[in-house]
2 protein chains.
Amino acid sequence: MTWTTKEVATLTGLTPRTLRHYDAIGLVCPSRAENDYRVYTQPNIERLQDVMFYRELGFSLHEIASILDDPDYNKLDALLKLRLALTERKQHINTILQTLNQTIQAHQQGVTMESKDMFNGFDASLHEEETQHTWGHTSAYKESSRRTQKYTPEDWQKIQQEHATLYDAFNTLKQNNTPPDDPRATRLALQHRELISNYFYTCTPEIHQGLALIYVQDERFQKNINTHGEELATYISQAITHLYQQTSK
Amino acid sequence: MTWTTKEVATLTGLTPRTLRHYDAIGLVCPSRAENDYRVYTQPNIERLQDVMFYRELGFSLHEIASILDDPDYNKLDALLKLRLALTERKQHINTILQTLNQTIQAHQQGVTMESKDMFNGFDASLHEEETQHTWGHTSAYKESSRRTQKYTPEDWQKIQQEHATLYDAFNTLKQNNTPPDDPRATRLALQHRELISNYFYTCTPEIHQGLALIYVQDERFQKNINTHGEELATYISQAITHLYQQTSK
DNA sequence: TATGAGGGGTGACGTGGCGTCAGGCTCAAG
DNA sequence: CTTGAGCCTGACGCCACGTCACCCCTCATA
């Protein structure tokens, strides 16, 4: 089965011009018929779908190209990440909706809002860092995707479970009012590093400390971790930080 | 309370450049201090918030300007519409997520999807129609935004005044119990059409009759017009309608 | 056999929403 | 009195296309 430009256009909702543009910049390049007409095949269509997923998330065409053309590109992995990012995007809209609701209320009551509350959810810079963290082309990322490519759904389950177990262990300490710089917490922090190293990428001290920061700065991580206990992300972050304050002494 | 450019930038997450751009195109125009520095006041901030809500929904800056500068603009009403549109947008993302999930499943099972199912939720044309329906009517709307782009604040004042004068004239007739099919009312209806044609878009009889409908159907218009006289919107609407019943005879 | 509509193609220029300088003024702090 | 941070105004650059001009091909209908 093959398609002409117009057919693909109606199929995707894009314009023929857009399709020719994507061809011109090497993003989606159909083969050609004898009369030089573009001929889209199944792989072209699938790639086009990928492109549109990423475009929905606001990636530039250049970025999309480098993601899709990455030698370490793994489709399933990418799709899962996309799903995550899209649900995040939904969350983002929810935040804006909250702000909007507050604004409506304030307006109905004739009250003026505090200006700092008027722009919750709009700030994109934090979100950009997240995406950088998710898709960024650091070596850690590449190593991670190389490894995660091979994981089966059962592997993922196991990984999730090990994470959960560790988080619960942290939470037990926290519930017993064990301070984050307690040796037991430090041991767990070490286990945490090994867990990452085992399943994702070599977790150097720098990266580990980076994670500690992300865990408290990034709502996404925070919420996820905090499902295992209140304020748990902060606690874990402190434990990790202490691990390196200790060793540096 | 006032703000400098940088402060607004950090407050909103926009860049100073963007703020200066919005000023340049007349979208959000702060006043100036003696040293020519931009000074953002509370109204500026509120307008900026409006702009960002609409931008989130993908409106162009020109469209946003013509929405916010609409003489019949009603903030509360607009906020409610925004809320609707944002929840719609969430639904839109859900559709894409469904498509994504199907794609993931197909990929995991090694099946190829039906190509027509691969782009569900992407097609923007339907969504555009919705938006068109909610915020603006077709070519007349576009012409209007083309023209209104060039208007200065003084122009707007003049336009508002001419509208007000006309509405008051209608109201005088109504107060004197002049029926809407009286020649004097018909004359005012003609003036109304010319006023629209002059400042916004070529007001054909069809469009004018459309306006007559909108004036009684759309709360927003009704409320605005009725500030010039009780039930005035209905009266004007009737006068317009009669203008064409007459000429068609 | 002409013809006209509807598809295809390649330049090339226009546009919107900024980013990114360059060059110069202002102002508080040291 | 310098210095650095922040402000200003042009002016150019860039991306993702829209739009237009001009030409080719094909197929149904006159």
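Source: prediction; values computed, not measured. In the text below, chain A, chain B and the rest are named by the order of the sequence lines, each starting its count at 1.
- Of the candidates dT10(C), dC7(D), dC18(C), dC7(D) carries the atom nearest the Thr5(B) side chain, counting heavy atoms from C-beta on.
- Nearest-nucleotide mapping onto DNA chain D: of Arg55(A) and Pro16(B), the residue sitting toward the 5' end is Pro16(B).
- Rounded to an integer number of Å, the gap from Asp23(A) CG to dG8(C) P is 14 Å.
- Here Arg38(A) lies in heavy-atom contact (under 4.0 Å) with sugar-phosphate atoms only.
- Within the 4.5 Å cutoff, the side chain of Asp50(B) has heavy atoms near those of the Lys75(B) side chain.
- Taking atom NE2 of residue His21(B) and atom C1' of nucleotide dG17(C), one finds them 5 Å apart after rounding to whole Å.
- Rounded to an integer number of Å, the gap from NZ of Lys6(B) to P of dG6(D) is 4 Å.
- Between dT26(C), dG8(C), dC17(D), one nucleotide has an atom nearer to the side chain of Tyr37(B) than all others, and that is dT26(C).
- Regarding contacts with the backbone of dC18(C), a side-chain N or O of Tyr22(B) is found under 4.0 angstrom from either OP1 or OP2.
- Arg32(A) has its CZ atom 15 Å from the P atom of dC25(D), to the nearest Å.
- Nucleotide dG8(C) holds its P atom 14 Å from the CZ atom of Arg17(A), rounded to whole Å.
- Going from atom CZ of Arg20(A) over to atom C1' of dC13(C) covers 14 Å, rounded to whole Å.
- For Thr18(B), counting side-chain heavy atoms from C-beta on, the closest listed nucleotide (dC18(C), dC8(D), dT26(C)) is dC18(C).
- Dashed line: the shortest gap from a side-chain N or O of Thr15(B) to OP1 or OP2 of dC18(C) is not under 4.0 Å.
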For Tyr37(B) and Thr5(B), run side-chain contact (heavy atoms from CB on, under 4.5 Å): C-alpha distance rounded to whole Å, both residues' side-chain angles, the deciding distance at 0.1 Å, then the answer.
CA-CA 8 Å; Tyr37(B) 284 19; Thr5(B) 303; over 6 Å; no

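- No salt bridge links Arg83(B) with Glu56(B); every basic N to acidic carboxylate O contact stays at or beyond 4.0 Å.
- Using a 4.5 Å cut-off on side-chain heavy atoms (C-beta onward), Thr103(A) and Glu46(B) make no contact.
- Here the side chains of Phe122(A) and Ile96(A) are in contact, with some heavy-atom distance below 4.5 Å.
- Between the C1' atom of dA5(D) and the CG atom of Asn35(B) lies a distance of 14 Å, rounded to the nearest Å.
- Atom pair Glu34(A):CD and dG7(C):P shows a separation of 23 Å (rounding to whole Å applied).
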